[in-house]
Peer 1: 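Structure incoming, see below.
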Amino acid sequence: MKIVISPKYERYADFIAGLPSRFEREGELLYFGRNTVKRYTSPDGGLWVVKRYRKPSPLQAMIYTFARKGKAERAFRNAGLFRACGISTPHEIAYIEEKEHGLLSCSYYICENTYARPIAERLETDDFDRPLADAFAAFVADMHSRGIMHNDLNPGNVLYEEREGNFVFSVIDINRAWFSTDGKACSTYKCLENLTLFTGRMPLFEYVARRYVQCRGWRGDMVVAAVDRKIKHDRRWRRRKDFFRKFKKK
């Protein structure tokens with residue numbers, strides 16, 4: 001078992017090492033699906049969040065073992081990169097990787113708890129919060145202009161707090177994030193593709209896209225390009241869903 005711990009949490013090494021063996025029977029369940037997320041009380045009385053990633057397929061296990069860092073390790077590394085860029089994310093505590101027959105089998109990412117709320121609560125509604133949508137568009141535009149891609153930019157992975165009348169954002173589920181090596185803005189193509197992941201609600205998407213284009217200082221017709229790309233993205237997504245659904249029924 002491989003365990004990497006952030007220096008400020010090394011005194012809790014024994015507690016961290018025991019988390020995999022206690023995961024099934026302990027902890028407050030926060031999410032159960034492809035991955036499982038639980039909350040624990042730490043030895044000092046604080047709250048930690050532990051995410052156990054779904055067991056990889058045999059092919060994925062080979063890739064994560066020999067060719068690419070696993071999801072837990074990427075989340076751990078990316079947390080520090082986000083903070084270095086001035087973007088908030090729950091502080092990383094540790095990551096754990098277990099192997100079977102020499103291949104990655106199960107992995108855990110451990111971070112501090114946050115009480116920030118997902119923007120989905122106020123944006124994924126028929127009458128969405130315009131000021132929050134404006135602030136979110138500016139937040140994403142700033143990330144993209146600095147060469148940062150979240151790459152799983154759905155409204156459940158961006159959290160917000162209100163401080164002195166302003167919205168302050170943080171990001172979670174960050175293992176897919178990408179950072180340019182030179183800090184320069186991402187290409188227009190990458191930015192628009194990244195934005196298409198935001199929501200399936202077209203009125204909300206169009207509103208955020210318009211504000212985003214204004215923040216980037218782009219021509220107004222880029223809104224049309226963003227919406228067109230979104231329509232094509234969603235069409236491809238539905239085709240894939242329908243394709244795999246046919247196999248599930250058999």
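In what follows, every heavy atom counts, from backbone to side chain, and hydrogens, waters and symmetry copies are set aside.
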Peer 1: Is L195 reachable from M149 through a run of hydrophobic residues whose side-chain heavy atoms are each under 4.5 Å from the next?
Peer 2: no
Peer 1: Atom NZ in K51, atom SG in C111: separation rounded to 0.5 Å?
Peer 2: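 Reported to 0.5 Å precision, the distance equals 9.5 Å.
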Peer 1: Identify the heavy atoms of R229 and Y189 that sit nearest to each other, and give their distance.
Peer 2: NH1-CE1, 3.1 Å
Peer 1: Could you check whether atom CG of D14 has more than 12 heavy atoms from other residues, nucleotides or ligands sitting under 6.0 Å from it?
Peer 2: no
Peer 1: Measure the CG-CG distance between L132 and L123 for me, rounded to the nearest 0.5 Å.
Peer 2: 4.5 Å
Peer 1: Are more than 12 heavy atoms from other residues, nucleotides or ligands located less than 6.0 Å from atom CZ of R210?
Peer 2: no
Peer 1: Does the side chain of T199 come within less than 4.5 Å of E124's, by heavy atoms?
Peer 2: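 When only atoms from C-beta onward are counted, T199 and E124 do touch, with a gap below 4.5 Å.
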Peer 1: Identify whether Y109 and F82 are in the same connected component of the hydrophobic contact network (ILVMFWY, side-chain heavy atoms under 4.5 Å).
Peer 2: no
Peer 1: Is it true that D134 and R130 make a salt bridge, defined as a side-chain N closer than 4.0 Å to a carboxylate O?
Peer 2: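 Salt bridge absent between D134 and R130.
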Peer 1: Looking only at heavy atoms, which two atoms of G102 and T65 are closest? And how far apart?
Peer 2: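 Nearest heavy atoms, G102 then T65: O-CG2, 3.5 Å.
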Peer 1: May I ask you to list the residues sharing a hydrophobic cluster with F66, side-chain cutoff 4.5 Å, ordered by chain and number?
Peer 2: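 Joined to F66, directly or through intermediates: M62, L103.
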Peer 1: Counting C-beta onward and ignoring hydrogens, is there a side-chain heavy-atom pair between R201 and D126 closer than 4.5 Å?
Peer 2: yes
Peer 1: Shortest non-hydrogen contact from K55 to S105?
Peer 2: CG-O, 3.2 Å
Peer 1: List the steps and the verdict of side chain to side chain contact (heavy atoms under 4.5 Å, CB included) for I148 and C85.
Peer 2: CA-CA 9 Å; I148 304 168; C85 294; 3.8 Å; yes
Peer 1: Applying the 4.5 Å side-chain criterion to the ILVMFWY set and letting contacts propagate, would I63 and Y95 be lumped into a single cluster?
Peer 2: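 No, it is not one cluster - the side chains of I63 and Y95 are not joined through contacts under 4.5 Å.
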Peer 1: Evaluate the side-chain proximity of L197 to H233: yes if any heavy-atom separation is below 4.5 Å, no if none is.
Peer 2: yes
Peer 1: Apply side chain to side chain contact (heavy atoms under 4.5 Å, CB included) to R216 and M222, showing your working.
Peer 2: CA-CA 10 Å; R216 296 299 303 270; M222 291 303 294; over 6 Å; no
Peer 1: Taking the side chain as every heavy atom from C-beta outward, state whether L47 and Y115 have any pair of such atoms under 4.5 Å apart.
Peer 2: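 Result yes, sub-4.5 Å side-chain heavy-atom pair found.
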Peer 1: Just by distance, with hydrogens left out, do N194 and H144 show a side-chain donor and acceptor under 3.5 Å apart?
Peer 2: yes
Peer 1: Is there a chain of hydrophobic side chains (I, L, V, M, F, W, Y, each step under 4.5 Å between heavy atoms) that links V37 to V171?
Peer 2: no
Peer 1: Looking at Y53, I'd like to know if the NZ or CZ of K71 sits under 6.0 Å from its six-membered ring centre while staying within 45 degrees of the ring's axis.
Peer 2: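 K71 over Y53 ring: no.
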Peer 1: Side chain to side chain contact (heavy atoms under 4.5 Å, CB included) between R146 and I87: does it pass, once the steps are laid out?
Peer 2: CA-CA 11 Å; R146 293 193 284 148; I87 299 172; 3.7 Å; yes
Peer 1: At what distance, to the nearest 0.5 angstrom, does CZ of R117 lie from CD of E161?
Peer 2: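 Here the rounded value is 11.0 Å.
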Peer 1: May I ask you to test the V158-F198 pair for a side-chain heavy-atom distance under 4.5 Å?
Peer 2: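 The answer is no, as the side chains (C-beta and beyond) never meet within the 4.5 Å cut-off.
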Peer 1: Within 45° of the axis and under 6.0 Å from the centre of the six-membered ring of F76, does NZ or CZ of R74 qualify?
Peer 2: no
Peer 1: Indicate, with yes or no, if L204 and V224 share a hydrophobic cluster defined by side-chain heavy-atom contacts under 4.5 Å among Ile, Leu, Val, Met, Phe, Trp and Tyr.
Peer 2: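 Per the 4.5 Å side-chain linkage, V224 and L204 are not co-clustered.
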Peer 1: Applying side chain to side chain contact (heavy atoms under 4.5 Å, CB included), run through R52 and E24 and close with a yes or a no.
Peer 2: CA-CA 10 Å; R52 183 178 67 186; E24 287 293 342; 2.8 Å; yes
Peer 1: Any idea which heavy atoms bring D129 and P131 closest together, and the distance?
Peer 2: OD1-CD, 3.0 Å
Peer 1: Clusters formed by hydrophobic residues whose side-chain heavy atoms approach within less than 4.5 Å: which one holds L159, and what are its other members?
Peer 2: I172
Peer 1: Roughly how far apart are E193 CD and K230 NZ, rounded to 0.5 Å?
Peer 2: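 Rounded to the nearest 0.5 Å, the CD-NZ separation comes out at 10.5 Å.
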Peer 1: Is the ring centre of F128 less than 6.0 Å from the ring centre of Y207?
Peer 2: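 Ring-ring flag for F128/Y207: true, centres closer than 6.0 Å.
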Peer 1: Indicate yes or no for a side-chain donor-acceptor contact from D173 to the backbone of N157 under 3.5 Å, with no hydrogens or angles considered.
Peer 2: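 Such a contact is absent between D173 side chain and N157 backbone.
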Peer 1: Provide the closest heavy-atom pair for A120 versus G156 in the form atom of the first, atom of the second, distance.
Peer 2: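 Looks like CB-N, 4.3 Å.
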Peer 1: Which atom pair, heavy atoms only, marks the closest approach of L192 to A226?
Peer 2: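 Looks like CD2-CB, 3.8 Å.
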Peer 1: Applying the ring-ring contact (aromatic ring centres under 6.0 Å, His included) test to Y212, which of W218, F139, F136 qualifies?
Peer 2: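 With Y212 as partner, W218, F139, F136 yield a single ring-ring contact (aromatic ring centres under 6.0 Å, His included), made by W218.
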Peer 1: Does R83 pair with E92 as a salt bridge, N-O distance under 4.0 Å?
Peer 2: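 Between E92 and R83 there is a salt bridge, with a charged N closer than 4.0 Å to a carboxylate O.
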Peer 1: If you measure from CD on E73 to OH on Y64, what distance do you get to the nearest 0.5 Å?
Peer 2: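 OH of Y64 is found 12.0 Å from CD of E73.
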Peer 1: Side chains of M202 and I231: closer than 4.5 Å at any heavy-atom pair?
Peer 2: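 Yes, at least one pair of side-chain atoms sits under 4.5 Å.
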Peer 1: Find the distance between OG1 (T41) and CG (N113) and round it off to the nearest 0.5 Å.
Peer 2: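 Going from the OG1 atom of T41 to the CG atom of N113 covers 9.5 Å.
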Peer 1: Each residue besides I96 in its hydrophobic cluster should be listed here, by chain and number; the cluster joins Ile, Leu, Val, Met, Phe, Trp and Tyr at side-chain heavy-atom distances under 4.5 Å.
Peer 2: M1, I3, I5, Y9, Y12, F15, I16, L19, F23, Y40, W48, V50, I93, Y108, I110
Peer 1: Using side-chain heavy atoms (C-beta onward) and a distance below 4.5 Å, is E162 in contact with F167?
Peer 2: yes
